[in-house]
Amino acid sequence: MDEKPLVALKRCTGYDRAEVDGAVEEIFCALRAQELVGPGKRVVIKPNLLMRRRPDEATTTHPSVVAAVVAALRRRGVTEMVIAESPSGQYTQSRLKGIYDGCGMTAMARELQVPLNLDVGVTQTPAPQARVCREFPILNPILQADVVVDVAKLKTHMMTTLSGCVKNLFGCVPGLLKPELHCRFPNPEDFAGMLVDLCELVRPTLSICDGIVGMEGNGPSGGNPRKLSALLGSRSPYAADVAACALIGLPPEQVAMLKEAMDRGLCPSSVEGITVVGDAVASLAQPDFKKAANQGTDFLTRVPKLFRGPAKALLTPKPHIRRRDCIGCGRCAESCPQHTIQVEDKKAVISYAACIKCYCCHEMCPVKAIDIRRFRLFDL
């Protein structure tokens, strides 16, 4: 990288519309957004709407942040914009409407008179410069836009360690095709390479991360809300994620997609390689932010090769369904890339022989009935 990427970081104590609007406007000014967006530009705003969850559950991008992005774009003369996302599961108009309603986007969009995407068309798109995945099915509104504004939620993640601006772009792939990519790239390093390929294909113009209230623990949907009081933005989704790592005490090299981006020269190796303006990272950092349960198995590299396979099978955290809480909805089976889950007698059952520990089932359970169980000695 020839020069340090810029990240704008602002303290924001809550989701009061006026406070969020002011913070987002300062971020847009610091990033000189007027050079990138303006009259005549078709803009798509891409939030994280993983599933139908209330804004206060910290699973999805808060509608106040999206509203502030809409306002900032309009102040710069943008008149043609749409909010678009593909949550996990079926990519249909009825499911999109339900997600928008449940996440608070419908009311916000109606108030601001900004459209929510209901075009469920998808185009298979080549990625000729990719290293891992050379073709992606991409949502039509993403491809039709001149500008993509990536509006992520800061969360921990069971498989990718961090869910931020880079991971948020996985929502540019339609719901039920996401498990196919999990199945094609079950190895974490390959999956990370695929995510970087996708990020380079979509190339968001601006990346904003909602860390006002993030999610700690077993994210991206099974963790707990944690107030960080932070909003950040960058022209680089990688730099935004490195700054997010610094906020939650996570070494960025432990995030496989950021390590991949570092290896490609797309990403600084630490927050010291970033120019941070606005509030200081140290003033908002919470190093005791709880990480996901899949952390802590790096020592496998020190196990003799002969025993690494059995050791990994034993020590890698596994999804476990609490039968008493399972409602038999089948969302976990629908999202499983290996088709290892069946609903029997109105309860989900996992066949572990083919389980690749992608944790899609944990991610998609609407009632949080799937735990991630670690080897018991880790809890001593």
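Remember, it's a predicted structure, so these values are computed and weren't measured experimentally.
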Heavy-atom side-chain proximity of Leu9 to Val281 below 4.5 angstrom: yes

Donor on one side chain, acceptor on other, Thr61 and Asn48, under 3.5 Å: no

Pair Arg203 + Asp150, salt bridge at N-O below 4.0 Å: no

Taking every non-hydrogen atom, the tightest pair across Leu143 and Thr125: CD1-OG1, 3.4 Å

Cluster link Tyr359 to Leu177, ILVMFWY, side chain under 4.5 Å: yes

Pair Gln144-Arg42, side-chain donor/acceptor within less than 3.5 Å: no

Presence of salt bridge, Glu26 and Arg11, under 4.0 angstrom: no

Glu35 and Arg235 ion-paired at < 4.0 Å: yes

Polar contact flag, side-chain donor to acceptor under 3.5 angstrom, Lys46-Asn168: yes

SB check Glu180 Arg184 (cutoff 4.0 Å): no

Asp210 side chain near Val151 side chain, heavy-atom distance below 4.5 Å: no

Heavy-atom check, side chain of Pro337 versus side chain of Cys360, under 4.5 Å: yes

Side-chain heavy atoms of Met51 within contact of Ser221, under 4.5 Å: yes

Side chain proximity check, Thr60 to Arg54, heavy atoms < 4.5 angstrom: no

Hydrophobic cluster membership, Val202 vs Leu266, 4.5 Å side-chain cutoff: yes

Thr92 side chain to Gln90 side chain, donor-acceptor N/O pair below 3.5 angstrom: no

Residue list, side chain to side chain donor-acceptor pair (under 3.5 Å) with Arg323, at least two apart or on another chain: none

Side chains of Phe28 and Val24 in contact at under 4.5 Å (non-hydrogen atoms): yes

Aromatic ring pairing Phe170/Phe191, orientation class (parallel under 30°, perpendicular over 60°, tilted between): perpendicular

Rounded distance [0.5 Å steps], OG1 in Thr161 versus CD1 in Ile248: 9.5 Å

Spacing of Leu232 atom CG and Leu154 atom CG [to the nearest 0.5 Å]: 6.5 Å

Under 3.5 Å donor-acceptor, Arg134 side chain and Ala130 backbone: yes

Salt bridge flag under 4.0 Å for residues Lys10 and Glu25: no

N/O donor-acceptor pair under 3.5 Å between His62 side chain and Val65 backbone: no

Short side-chain donor-acceptor distance under 3.5 Å, Asn117 and Tyr100: no

Leu195 side, atom CG; Met159 side, atom CE - distance, nearest 0.5 Å: 8.0 Å

Close side-chain approach of Leu258 to Pro252, heavy-atom, < 4.5 Å: yes

Nearest-0.5 Å distance, SG of residue Cys365 to CZ of residue Arg331: 10.0 Å

Any side-chain heavy-atom pair of Leu112 and Met108 under 4.5 Å: yes

Enclosure of Glu344 CD (heavy-atom neighbours >12, cutoff 6.0 Å): yes

Pairing of Asp197 and Arg131 as salt bridge, 4.0 angstrom limit: no

Same apolar cluster: Ile83 and Val43, side chain cutoff 4.5 Å: yes

Single-linkage hydrophobic cluster Met215~Leu247, side-chain heavy atoms < 4.5 angstrom: no

side-chain contact (heavy atoms from CB on, under 4.5 Å) assessment of Met81 paired with Val44: CA-CA 6 Å; Met81 68 180 83; Val44 62; over 6 Å; no

Under-4.0 Å salt bridge between Lys259 and Asp263: yes

Asp345 atom CG, over 12 foreign heavy atoms within 6.0 Å: no

Shared hydrophobic cluster, Ile350 / Ile356 (ILVMFWY, side-chain heavy atoms < 4.5 Å): no

